[in-house]
Amino acid sequence: MEILMCVAVGILFAVAVFLILSRSLLRIVLGMSILTHGVHLLLITMSRLKTGAPPLLGELAERYVDPLPQALILTSIVINFGLTAFFFVLSYRSYLKLKTDDMEEVRGRPYE
Amino acid sequence: MNNLVVFPILLPLVTGVLALLFFRRVHIQRVVSVIGLLLTAAASTVLITQVTHSGIQTLNMGGWEPPYGIVLVADMVSALLVVAASIIALACLLYAFRSVNKEREEHHFYPFFHFLIAGVNGSFLTGDLFNLFVCFELMLISSYALIVLGGTERQLRETIKYVLINIVSSALFVASIGFLYSITGTLNMADLSNRIAEVGQSGVITLIAVLFLIVFSIKAGLFLFFWLSGSYAAPPAVVTALFAGLLTKVGLYAIVRTFTLIFYHDPDFFHALIGWMAGATMVLGVIGAISYRDVNKILIYNVIAGVGFVAFGMAAASRSALEGLLFYMLHDMLIKTLLFLLGGALIAVAGTSKLENMGGLIHRYPLLGWMFFISALALAGIPPFSGFPGKLLLFEGGLQAGLYGLTGIAVLSSLLMLYSVLRIFIQAFWGEPPAGAVRRPYAVNGLLIPAGILFVFIIAMGVGAEGMFQLTSRAGDILLHPNVYIDAVLKE
């Protein structure tokens, strides 16, 4: 199971890098979102996957899942939500102002 | 256990929320902001006296004993940096009253300002790697908002790059935390240090350490500073001053903390690596500083060169280098903020940031001119100002560690830094005003009062270097002997 998840994380990272390196601003935002999701998947894989066990630190539990990575992912997801929303608004505003969503055209002006 | 440790984080957060509630009433926001920051400064001063008298202060959040819960740690290193951050924040706030327009003030300038301070103080005080990430994000999200506030074409363009770089590096940060957790099973920095000492620094841990170095270097602008010159030039002067004083230093603090506390078992490799990066940063930063003809750009490349200096101390890592590193870092925070505040005033009175369109300002603004001149001397480390003792210790430490080439680069680049800033002084303040320039008088004295606060500290740090040495040498002790920190955190 861990191997499978690692492959999935790798694919997500590759897709994200491909999207972030593209020229369209919308694709870049999506790529950034996918990148952070890949990171979340990586976090949960790092604590070993045990299907069916509850995330408890009970005293007599025979099998339990480490709860800490889940707490970390929850925090990270919330931050990612905020950032994605902010980035979308930023992209929209800059599209209105700069009249383009092509990163090649979003360069500095010579007079700066 | 000491509840005081949380106050430098809590007070700016509360102040930010209060300022958010009064967002239409700028006057109330201003009063609340000043009171909040004064309280923060007072809390951090009390904190540093407690650390001086009774050693490292810790606070286990929610009563969870380390290594399970989140722990806040105030040792001499973080306490000194928190005090410096409060001073800088206060100066920038007073400067903002005079320089930020009403529209920005009404659109939540002050709340984001305080949240940024909370994030910075949190990053300095936390003793937990994931909490460090959260504080980084708090600081970065506020900085995204501050950098784009105003929404000019240039700000939008630079913010896209700035946000993207920081999101990618934050994702890498979480990924490296995940890797480290899978190997050690803990995130508490003191406990991490113990566990890595037990299993030894294997190849995997070295790899993770390099990942952390990449992440923190992007944030600090150490070698990977390609994003910095554009984004720092976009927002108003006071925001750039705040960023120059605080943001890169938080990245540097993270490098210093992780590589003296957690990954200190393979010093040859890491110190060589950081040494190369420091050398490249100093050289490239200085080249940028002397090649531009624009006040903002020159000062921004000086920030990059300053980052190289701190990293140079980390690479040498002898006793006096680590003491000098901290002394220099405190000086660097204050002087870079001061230079950007004065540079902002200079651009405001000249109406342009281009050096060739300036000249002869000393007759009309003598106080600004001489303050700028003295700050330039302090930047380069001319005694009796604050740059001298830190640089002296850094050079001494570099020579002790046998890094002759790197020390040579550092000496040369500090001379070129002086040249680059003095050129601003010569071209803007001496000579004749350019032909055809229509000048209206500008009331600059309101901007010089907050700069004067920092100015007093610059001189006090230089003249009172003896007293500062006592503090920084205790901080150097902690950096040299990680066991002091570990024992203090895990004792109870």
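Computed from a predicted model, the values in this text were never measured in an experiment. We name chains A, B, ... by the order of the sequence lines, and we start the count at 1 in each one.
B:S170 and B:K219 share a donor-acceptor pair across their side chains, judged by distance under 3.5 Å alone. Defined by atom type and a distance below 3.5 Å, a donor-acceptor pair is present between the side-chain atoms of B:S353 and B:D294. Side-chain contact annotation: B:Y181 with A:D66, donor-acceptor N/O pair under 3.5 Å present.
Between the side chain of B:E65 and the backbone N or O of B:N60, no donor-acceptor pair lies under 3.5 Å. A distance-only check finds no donor-acceptor pair linking the side chain of A:S76 to the backbone of A:L72 [under 3.5 Å]. Proximity of a side-chain donor or acceptor of B:R195 to a complementary backbone N or O of B:T184 within less than 3.5 Å is detected.
With chain B as partner, the option from A:T45, A:L35, A:L83 having the largest number of non-hydrogen pairs under 4.5 angstrom is A:L83.
Interface remark: B:V148 contributes side-chain atoms only to the contact with chain A (heavy atom separation under 4.5 Å). In this structure, the portion of A:T75 lying under 4.5 Å from any heavy atom of chain B is its side chain and not its backbone. Of the two parts of A:L42, only the side chain, counted from C-beta on, holds a non-hydrogen atom closer than 4.5 Å to a non-hydrogen atom of chain B. Residue A:L25 touches chain B through its side chain alone, counting heavy-atom pairs closer than 4.5 Å. Using a 4.5 Å cut-off between heavy atoms, B:I160 contacts chain A through both its backbone and its side chain. In this structure, chain A has heavy atoms under 4.5 Å from both the backbone and the side chain of B:Y144. Looking at B:L187, only its side chain comes within 4.5 Å of chain A, counting heavy atoms on both sides.
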